[in-house]
Amino acid sequence: MPIPERGRPWPEIAAEMEAARARDLDWRHGRHGAYVWYASDELEHVLREAFGMFLVENGLGIRVFPSLARMEADVLESVAVLLGGGPQTPGIFTSGGTESIFLAVYAMREWARASRPGLERPAIVAPHSAHPALNKAAHYLGLDVRRVPVGPDYRADPAAIAAAVDSRTIGLYASAPAYSLGVIDPIADLARLAADRGLWLHVDACVGGILGPFVRELGYPVPPFAFDCDGVTSVSADLHKSGFAAKPASALLFRSEAHRDYARYTFDDWPSGTYSGLTFTGTRPGGAIAAAWAAFQFLGREGYRGLAAASMRARAAIETGLRERIPGVRIHGEPPLYAFAWAAEGVSMGRVAAAMAREGWVAGRTTSPDGIHVMATPVHERYAADYAEAAARAVEAARSGDSTGTARAAYN
């Protein structure tokens, strides 16, 4: 559709946009397995208002918008404390997990260039469960990623990781939790390995970094996974995932200012003087910074504990419903948070996912092992029984041969 010759009134435009999304994912009724993190209409209103207040301001011009500078600093400090750091733990506000991981890998590479000059084609060792953003970053930055098999519990195997380290290795990568199965790698063991070998360890806590500490506060056994482990160098945590902030928003934290400095890019051979920045993007939406700050202020620690409790109840309700309705259901590994994957014996989970999709449920696939991924959020608590019933119908259809096709493995 080309730009019209004459402008159209907003009510007409809004009506067309509303009609256009009639076939979009029905996330308000819990039919999503990923993509959306929703807490409440009240928080959504706060996010819209805060984002709109700073819709025009540019996060690139942090010096001319001291309000954004202050809010960004407040958000990063809050995340640092959640992750076992302190008020002086440095960070970067980014556009999402992929940029956070990219910048961590870039900083790792620059750190290695400074400390090990002459090293050709550096490599990062990671478990097979690592997010594709790691390989994407390495591809752009001229690095290799050496993925090694996970253990029988689907977590990173420290012995296998150690065996894969060689003279080209500059760093390790771990997840808290891994996106697909929701398990948390043994970060403390990997941190000791990194410290002993002089390696950078990045922890991808994009899913668990913000809400995970509150789940722990509620008494669930969530192991240490961030700066409370001495060998961890950097941690990424998405504000627009378990922080329930507006997209695009993530945080990348570093052990020290010296480590963060390796993420900086500086250039001055052009007519406008020195260009220097810590993000991959130039222009940044001021609204995303403002909305993240507003979410923290609106919810407070009490509010996040409530979201953590609701998310864990939603997961428990879904699991219980699956076990009651489907013979032979199993959960892959022992995921400690709100993300998990399940499977039913004797049936292709691709066919199950396809059958669920025909009923309007987005069932994200896992292929190794075969399963269906669930990212439980507060909205799922109300619809847990509906999910389990739809899953039971889908499994029965797949087992009886009534289901055709498979749902593709997904990812964000």
Side-chain angles (χ1 to χ4, degrees), residues 75-116 122-127 130-131 133-138 140-141 143 145 156 161 169-179 184-195 197-210 212-213 224-239 241 243 249-265 277-280:
V75 168
L76 291 173
E77 180 178 329
S78 296
V79 176
V81 172
L82 285 175
L83 295 177
Q88 303 307 313
T89 301
I92 304 172
F93 192 109
T94 76
S95 63
T98 296
E99 186 186 7
S100 288
I101 291 165
F102 178 92
L103 291 172
V105 173
Y106 172 67
M108 185 191 303
R109 188 192 73 174
E110 297 306 287
W111 167 79
R113 283 180 171 178
S115 58
R116 297 165 65 181
I124 299 169
V125 177
H131 195 279
L134 170 63
N135 284 70
K136 185 176 183 178
Y140 287 147
L141 294 167
L143 308 178
V145 175
I161 296 286
T169 306
I170 62 172
L172 310 178
Y173 183 101
S175 304
Y179 197 101
I184 293 181
D185 289 329
I187 306 300
D189 293 340
L190 295 173
R192 284 190 289 272
L193 172 62
R197 301 289 184 94
L199 302 172
W200 184 299
L201 171 58
H202 178 70
V203 175
D204 170 9
C206 289
V207 168
I210 308 299
F225 61 79
F227 296 116
D228 40 2
C229 301
D230 286 343
V232 171
T233 315
S234 58
V235 184
S236 51
D238 281 2
L239 297 157
K241 286 193 175 77
S250 177
L252 172 62
L253 284 300
F254 295 85
R255 173 67 66 178
S256 71
E257 195 71 44
H259 289 108
R260 186 179 71 166
D261 282 346
Y262 287 110
R264 181 177 294 280
Y265 177 78
L278 288 165
T279 58
F280 179 79

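Residues take their numbers from the sequence shown, with the count starting at 1. Side chains included, hydrogens not; waters and symmetry mates left out as well; all remaining heavy atoms used.
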side-chain hydrogen bond (donor to acceptor under 3.5 Å, both in side chains) pairs, two or more places apart, involving residues 75-93 |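 Qualifying pairs, neighbours excluded: none.
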Any pair with a residue in residues 224-233 that passes side-chain hydrogen bond (donor to acceptor under 3.5 Å, both in side chains), sequence neighbours left out, goes on the list, sorted by first then second residue, please.
->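 Qualifying pairs: none.
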Within a strict 4.5 Å, meaning less than it, do heavy atoms of the Val79 and Val235 side chains meet?
->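 No, too far: nothing below the 4.5 Å cut-off.
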Is Val207 close to Tyr179 at the side-chain level, that is, under 4.5 Å between some pair of heavy atoms?
->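 Of all side-chain heavy-atom pairs linking Val207 with Tyr179, at least one is under 4.5 Å.
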Does Arg192 have any salt bridge (charged side-chain N to carboxylate O under 4.0 Å, His left out) partners at least two apart in sequence or in another chain, and if so, which?
->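 Scan of Arg192 (salt bridge (charged side-chain N to carboxylate O under 4.0 Å, His left out), adjacent residues dropped) gives Asp189.
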What residues form a salt bridge (charged side-chain N to carboxylate O under 4.0 Å, His left out) with Arg260, not counting sequence neighbours?
->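 Checked Arg260 against salt bridge (charged side-chain N to carboxylate O under 4.0 Å, His left out); matches are Glu257.
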Report the residues that fulfil side chain to side chain donor-acceptor pair (under 3.5 Å) with [X], sequence neighbours left out, ordered by chain and then residue number.
X: Arg116; value: none
X: Asp204; value: Tyr173
X: Ser175; value: none

Working to the nearest 0.5 angstrom, can you tell me the gap between [X] [atom1] and [Y] [atom2]?
X: Ser236; Y: Leu83; atom1: OG; atom2: CG; answer: 9.5 Å
X: Leu76; Y: Phe254; atom1: CG; atom2: CZ; answer: 10.5 Å
X: Leu103; Y: His202; atom1: CG; atom2: NE2; answer: 10.0 Å
X: Tyr262; Y: Ser115; atom1: OH; atom2: OG; answer: 6.5 Å

side-chain contact (heavy atoms from CB on, under 4.5 Å) partners of [X], counting only residues at least two apart:
X: Ala156; value: Pro127, Asp185, Pro186, Leu190
X: Ser250; value: Thr94, Ser100, Asp238
X: Ser256; value: Ala258, His259
X: Ala194; value: Leu172, Leu199, Leu201

So which heavy atom on [X] is nearest to which on [Y], and how close?
X: Val203; Y: Phe225; value: CG1-O, 3.4 Å
X: Ile187; Y: Pro224; value: CB-O, 3.9 Å
X: Ala112; Y: Ile170; value: CB-CG2, 3.5 Å
X: Ala263; Y: Ile92; value: CB-CD1, 3.9 Å
X: Arg109; Y: Leu141; value: NH1-O, 3.0 Å
X: Ala126; Y: Val145; value: CB-CG1, 4.5 Å

With Phe102, which residues qualify under ring-ring contact (aromatic ring centres under 6.0 Å, His included), at least two apart?
->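 Result, ring-ring contact (aromatic ring centres under 6.0 Å, His included) vs Phe102: Phe280.
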